[in-house]
Amino acid sequence: MAAPILELKNVTKIYGSNVIFKNISFSVKEGDAIVIIGPSGTGKSTLLRCINLLTPLTSGEVYLDGHEVNVKGKNEDEVRQHIGMVFQNFLLFNHLTALDNVVLGLTKVKGMKQEQAIEKGRHELKRVGLADRAEHYPGQLSGGQQQRVAIARALAMDPRVMLFDEPTSALDPELIGEVLSVMESLARENMTMLVVTHEMGFAREVADRIIFMEKGSIVEEGSPDQLFRHAKSERTREFLGKIGDLYGKKEGAKKKK
Amino acid sequence: MLKGTILTLELTAVGIGMGLILGLAAALARVYGGKWARWISIGYIELFRGTPILVQLFLVYYGLPGIGITLDRLTSAFLALGLNSGAYQAEYLRGAFLAVGEEQMMAGRAVGMSRWKTIRYVILPQALRLAIPSWANEPVALLKSTAVAFLIAVPDLMTKAKAIAVQTYDPIGAYLAAAVLYLVMVFLLDQFLKWVERTTRIPGLEIEGKKA
Amino acid sequence: MLIFLQYVVQGAGVTIAVTLVALPLGFILGILLALLYLYAGRFVSGITAVFGTAMRGVPPIVLLFILYFAMSGAVNLTPFWAGSLSLGIISSAYQMEIFRGAILAVGSGQMMAARAVGMSRWRAIRYVILPQALRLAIPPWSNEAAIVLKDSSLVYALGVAEILRRAQLLAASTQQPFLAYGAAALIYFILVFSVNRFLDWLQKRMQIPGLHLSV
């Protein structure tokens with residue numbers, strides 16, 4: 001059995017007197033698409049930021065490809081080259097074109113030559129469907145387009161695992177679809193990904209496994225089928241029920257059309 | 001040195017007062033005046049903001065006698081500082097008038113008030129309060145500007161410091177002492193202005209301003 | 001008459017020279033201090049804060065004298081250099097505030113995004129934060145540039161033969177003080193005006209398409 005690409009063992013984050021999350025453990029195999037759901041403010045975003053070491057953990061271990069990364073003395077910048085992150089508010093580099101946004105990491109971090117980097121950059125932009133917007137600045141792009149460039153930027157570094165932190169929460173409803181379909185095709189291409197989102201449709205269709213977190217702990221985890229149809233915990237059923245009602249109505253409406 | 005400090009404060013106070021009157025007049029002229037009023041005020045503002053205070057001071061004290069107007073040191077200092085401050089205050093006030101906006105003027109006229117009445121009872125009360133955060137830059141700036149007056153031998157703090165420097169052969173010590181006194185004055189003035197700002201704030205109404 | 005006017009105009013050269021020494025010095029020191037204040041440890045940060053507050057709370061002419069006498073004690077400098085360098089140091093305190101504000105306006109999100117791609121802090125500052133911050137800083141910096149140009153007149157007190165000193169000599173020899181000082185004011189005005197126009201043009205050219213941030 002191959003070692004999991006990402007493994008978390010008893011990770012805990014306490015900030016002041018607040019317990020953000022406690023004793024979280026799970027593993028992510030190669031090609032897995034894991035979706036984390038749960039009420040807002042349960043530490044899901046913080047968890048992602050601890051995985052790529054932007055925020056320090058209070059205790060616990062994080063293993064990337066079997067190597068522990070959450071240790072003192074480990075070069076964090078190096079680790080982050082292998083973990084891709086997509087933020088809720090895109091955070092594109094405002095002063096650079098879409099292409100330059102993707103290329104910057106390649107030239108300044110990986111030390112690639114300019115022509116090589118540009119070629120790869122164009123390839124990634126094509127992958128997210130924005131080859132024709134390469135020379136545009138973030139201020140000239142729609143939210144959905146900006147987020148797709150952000151995905152391309154993360155992909156360009158050829159990460160082992162991609163982290164998505166509520167990638168569509170800041171988007172207008174009509175722009176959500178284009179980002180979700182990029183994420184869906186990535187999952188189909190067998191990209192290992194960890195997604196925090198409220199998009200239940202995406203979770204149901206695309207996830208290999210869903211983790212339901214609340215108040216800093218994992219309440220339940222399992223396949224979409226398990227959680228949506230036969231959830232073990234009352235709380236899980238309650239949460240999905242509420243969201244499901246909302247989504248169910250949307251689905252019903254769609255079918256009528 | 002203490003007597004010098006008092007004069008420094010006097011220079012600042014008179015400068016601010018004069019500057020406020022001039023600045024208000026210039027700002028009103030520039031935003032609401034007719035063609036002539038506007039051009040004169042723009043000329044005044046650009047001239048006194050675009051040249052150094054020291055040059056203005058010399059122009060008043062040494063230059064005016066050339067065309068028949070002779071003023072003593074103190075009056076020259078008051079005049080130059082007042083004119084200088086007025087130009088900067090005009091810009092802060094102008095910003096406030098513009099921020100209050102066309103709409104308030106429209107509302108006032110719609111109720112039947114004349115232009116001047118609207119300015120007096122609707123625009124000014126709001127503009128003056130809005131201006132305070134950015135305007136507060138000026139008293140401190142003026143306090144620091146007064147130091148150049150020593151070059152025409154006005155007996156302010158700086159002049160006293162120079163005298164001590166010459167007497168004691170310790171220029172660094174003397175000027176450092178003066179520096180400390182200025183720092184204290186600036187600090188106190190700043191605290192006072194912050195207090196004024198806090199107490200006059202209109203809840204919910206603020207310009208996006210930047211403090212120097 | 002014209003010859004004398006030419007004499008005063010030569011002073012403009014000196015004035016510009018003083019500004020060209022002081023402003024870049026203030027720029028380099030200012031950015032350095034801003035970066036130290038924002039990114040270095042608490043102790044260093046505290047020292048830069050104290051430096052900034054002290055330098056900005058005292059009239060430039062007082063600081064000029066202190067620095068001039070302090071420098072003259074240690075090194076043999078001409079008044080021109082002592083004055084220009086001092087003005088540069090004074091300006092750095094104001095520029096530090098400008099760059100500090102600009103860097104903060106860029107936002108912590110940009111730093112996060114840069115680090116997420118694997119950039120070190122220094123690389124992130126160099127390739128992501130500073131390029132944006134410097135553009136944002138142009139309007140308040142133009143203000144400071146004009147101020148340094150005007151404050152250069154203070155080196156008059158050190159005996160440097162810039163515009164004002166020359167105007168004074170001209171006034172004495174021609175007995176036409178109003179014209180002499182008026183000419184000085186006019187020349188300063190033209191200089192300040194030109195600098196402002198140039199920096200306005202620069203700002204328009206450097207604008208990032210689609211971005212509407214301000215400090």
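Chain A is the first sequence line, chain B the second, and so forth, proteins listed ahead of strands; every chain is numbered from 1. As a basis for the values below, the full set of heavy atoms in this structure was taken, side chains included, without hydrogen atoms, waters or symmetry mates.
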Can you tell me if [X] uses its side chain to pair, donor with acceptor, with the backbone of [Y] under 3.5 Å?
X: S45(C); Y: Y37(C); value: yes
X: S91(C); Y: L87(C); value: no
X: R56(C); Y: G52(C); value: yes
X: Q132(C); Y: V128(C); value: yes
X: S153(C); Y: K150(C); value: yes
X: R135(C); Y: Q207(C); value: no

Query raised in the report: So among V60(B), I53(B), V14(B), T12(B), which one has a side-chain contact (heavy atoms from CB on, under 4.5 Å) with L81(B)?
Result: I53(B)
Considering only heavy atoms, which portion of [X] lies under 4.5 Å from any heavy atom of chain B: side chain, backbone, both, or neither?
X: Y94(C); value: side chain
X: A70(C); value: both
X: L164(C); value: side chain
X: Q168(C); value: side chain
X: A171(C); value: neither
X: S152(C); value: neither

Requested in this report: Would you please name every residue forming a ring pair (Phe, Tyr, Trp, His ring centres under 6.0 Å) with F198(C), sequence neighbours left out?
Outcome: W201(C)
**Report entry** Residues in residues 145-168 of chain B that sit under 4.5 Å from chain C, counting heavy atoms only
**Finding:**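 The list, in residue order, reads A147(B), V148(B), F150(B), L151(B), M158(B).
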**Report entry** Most chain C-contacting option - heavy-atom pairs closer than 4.5 Å, from E46(B), M185(B), K144(B), R49(B)
**Finding:**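 Counting heavy-atom pairs under 4.5 Å, the top option is K144(B).
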Query raised in the report: With chain B, which of I163(C), V195(C), L63(C), I66(C) has the greatest number of heavy-atom pairs at distances under 4.5 Å?
Result: I66(C)
Query - F48(B)-Y88(B) aromatic ring centre distance below 6.0 Å - result: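 So the answer is no for these two rings.
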Query raised in the report: Is the NZ or CZ atom of R94(B) both under 6.0 Å from the centre of the six-membered ring of Y92(B) and within 45° of that ring's axis?
Result: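 Not flagged: R94(B) not positioned over aromatic ring of Y92(B).
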Report task. With a 4.5 angstrom heavy-atom cut-off, could you sort out which part of Q56(B) is near chain C: side chain, backbone, both or neither? Result -> neither
